[in-house]
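Both backbone and side-chain heavy atoms feed into the values below; hydrogens, waters and symmetry mates do not. All residue numbers refer to positions in the sequence shown, counting from 1.
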Amino acid sequence: MKKFFQEIKADVKFKSAGPGQKLTESVGEKAPKEKPSKPALRQPRQGPTNEAQMAAAAALARLEQKQPRARGPTSHESIRSQVRKELQAEATVSGSPEAPGTNPVPKPKEEGSTHLAVPGVYFTCPLTGAILRKDQRDACIREAILSHFSTDPVAASIMKIHTFNKDRDRVKLGVDTIARYLDNIHLHPEEEKYRKIKLQNKVFQERINCLEGTHEFFEAIGFQKVLLPIPDQEGPEEFYVLSEAALAEPQSLEQHKEQLLRAEPVRATLARQRLVFRPSPLASHFDLPADFFSLTAEELKREQRLRSEAVERLSVLRTKAMREREEQREMRKYTYTLLRVRFPDGCLLQGTFYARERVAALYAFVREALLIDWLPFELLALGGQKLLEDENLAFNECGLVPSALLTFSWDAAVLADIRAAGAQPDSSVLKPELLSAIKKL
C-alpha cells in the first residue's frame with residue numbers, strides 16, 4: 001500500500017513539472033512561438049446516434065447494479081420508527097392525519113346546508129314512537145320505561161333489567177339466578193324455604209342486587225320485604241317472601257319467568273326516512289350530513305388501532321388477500337349508509353340503513369314501496385353487479401357505504417310477461433301514496 005501511494009505522488013510530481021524537452025536541446029533554448037491562428041469555425045454538434053444512446057443506457061444500468069445500495073434500518077423497531085416519522089412529516093405538510101393506504105373519508109356537509117341528501121340520522125323509540133336524534137335515544141328510552149311502571153310494573157321491571165344494565169354477561173347470570181328461584185317455587189310449592197330469599201345472601205348480593213330493576217321485578221310479581229328472626233342471631237334480617245296471593249297463581253309466576261328469560265334490551269330503531277325523488281341527473285350525487293361520519297368513543301379507539309396497524313403494514317410486503325382484507329376493514333368503519341334505488345321510470349327511492357345490515361333488508365324496503373310487491377325483481381349495483389336477496393352479505397362487505405345508487409330491474413321472466421302483455425316495462429311501479437309525496441332532488 002505504501003508503494004502504491006509513492007507511485008501516485010511521483011506521477012503527480014512528474015505532471016506538474018511543466019512541458020517536456022528533448023535531450024538534444026540546450027537548457028537556454030526556447031521553443032519557437034507558434035503563430036496565432038484564426039479560430040476555426042465551430043461545426044454544429046451532432047447528437048448521439050440511437051446505437052450510442054442504447055449503449056450508454058446499458059452501461060449506466062451496469063454501473064447502478066454494481067454500486068452497493070445504502071442499507072436502511074434492519075430491525076423491526078427501527079423500521080416502525082422510520083415509517084412513523086415519515087407519516088408525521090406527510091401529515092404536517094398535508095394538514096391531514098390520514099395514514100397512507102387508507103381511503104380518504106369524504107368531507108361531511110354542514111347540517112345548515114340546503115343541499116343535504118338527508119337532514120341527519122334519526123331513530124324511533126319503540127315505546128313512544130318518537131323520532132329522536134342519536135344523543136336523545138338513551139334518555140328518551142329510560143324515561144319511557146320508568147313511565148311504564150304505572151301501567152305494567154312487571155314488563156317495566158323486565159325492560160329495566162335488560163336495558164339499564166350494559167354488561168350482558170352479568171345480566172344473563174342474574175336473570176338465570178332469578179329463574180332458578182322461581183323454578184324452585186314452582187316445583188316445590190309446599191316447601192316454605194323456597195318462598196323466602198335472604199337479601200344478605202352472598203349469591204343474591206353478587207348476582208342480583210348489583211343489577212338495576214331486580215328489586216322492582218321481585219315486588220311486581222308478588223314478593224314482599226319482611227324482617228325475619230334468624231336462629232342463633234340477635235337481630236332479624238331482611239327477606240323477600242312470596243305472598244299467598246302470588247303463590248296461589250303458579251302459572252303466572254311461570255309466565256313472568258319466561259318473559260324475563262326471553263326479553264331483550266329496548267333499543268331505538270333506525271328511522272329509514274323513506275323519500276321518493278323525481279328523475280334527476282344528480283341521482284348518484286350524495287351530500288351527507290356529519291352524522292354519517294361522526295364517531296363514538298369506541299369507534300375513535302377502533303380508528304386509532306387501525307391507523308397503528310397501517311404503520312405496521314408499511315413495514316412489510318402485502319399480498320393481494322391482505323390488501324382485500326384491509327379494504328374490508330376500511331368499509332367497516334362506517335356505521336350508516338344512504339342508499340338510493342332507481343326504478344325503470346327514473347324515480348328514486350331513498351332510505352337510511354346500518355352499514356352492517358344485510359342485503360335482504362334493502363329488498364324488504366323496496367318491496368314495501370312496490371304497487372305489486374309479490375313479483376320477483378333484482379337490484380343491481382354500480383357496474384351491473386347483481387345483489388341477491390338470499391345472499392348473506394352486509395352493505396359494507398358489498399362496498400355500498402357510506403352511500404350508493406342501485407338500479408331496480410324486473411326478473412327476466414316477469415319482464416317477458418310484461419312485454420308479451422303489451423305493457424311498458426318502464427312504467428311506474430311505486431305505490432300511488434308515495435308518488436303523491438314525490439320531491440325534487
Is a side-chain donor or acceptor of [X] paired with a backbone partner of [Y] at a separation under 3.5 angstrom?
X: R272; Y: T352; value: yes
X: S243; Y: G222; value: yes
X: T214; Y: I208; value: yes
X: R137; Y: K134; value: yes
X: R340; Y: A283; value: yes
X: Q385; Y: C398; value: no
X: Q273; Y: G120; value: yes
X: R168; Y: H162; value: yes
X: S157; Y: V154; value: yes
X: Q350; Y: V276; value: no

Over all heavy atoms of both residues, which pair between [X] and [Y] is shortest? Give the atoms and the distance, please.
X: F217; Y: H256; value: CZ-O, 4.2 Å
X: L388; Y: V359; value: O-CG1, 3.7 Å
X: E433; Y: S436; value: O-OG, 2.7 Å
X: N165; Y: C210; value: OD1-O, 4.4 Å

Using the side-chain contact (heavy atoms from CB on, under 4.5 Å) rule, take K196 and V241 through it: C-alpha gap first, then chi angles, then the decisive distance, then the call. CA-CA 5 Å; K196 295 187 297 184; V241 179; 3.9 Å; yes
Would you please indicate if the ring centroids of Y363 and F377 are separated by under 6.0 Å?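 Yes.
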Quick check, are the ring centers of F353 and F365 under 6.0 angstrom apart? yes
Is the ring pair F292/Y336 parallel, tilted or perpendicular, if the boundaries are 30 and 60 degrees?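 Judged by the thresholds at 30° and 60°, the geometry between F292 and Y336 is perpendicular.
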Relative to each other, are the rings of F218 and F204 parallel, tilted or perpendicular (30° and 60° limits)?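 Tilted.
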Can you list the steps and then say if K166 with E212 is a salt bridge (Lys or Arg N to Asp or Glu O under 4.0 Å)? CA-CA 10 Å; K166 303 303 180 184; E212 290 189 64; over 6 Å; no
Can you confirm whether [X] is buried at [atom1], in the sense that more than 12 heavy atoms of other residues, nucleotides or ligands lie under 6.0 Å from that atom?
X: L146; atom1: CG; result: yes
X: K225; atom1: NZ; result: yes
X: E258; atom1: CD; result: yes
X: K440; atom1: NZ; result: no
X: R170; atom1: CZ; result: no

Would R133 and F123 count as a cation-pi pair here, with the cationic atom under 6.0 angstrom from the ring centre and within 45° of the axis?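 Checked: cation-pi criterion not met.
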Rounded to the nearest 0.5 Å, how far apart are CG of L380 and CG of L405? 11.0 Å
I'd like to know if [X] and [Y] make a salt bridge, using a cut-off of under 4.0 Å between side-chain N and carboxylate O.
X: E244; Y: R195; value: yes
X: K257; Y: E254; value: yes
X: D176; Y: R180; value: no

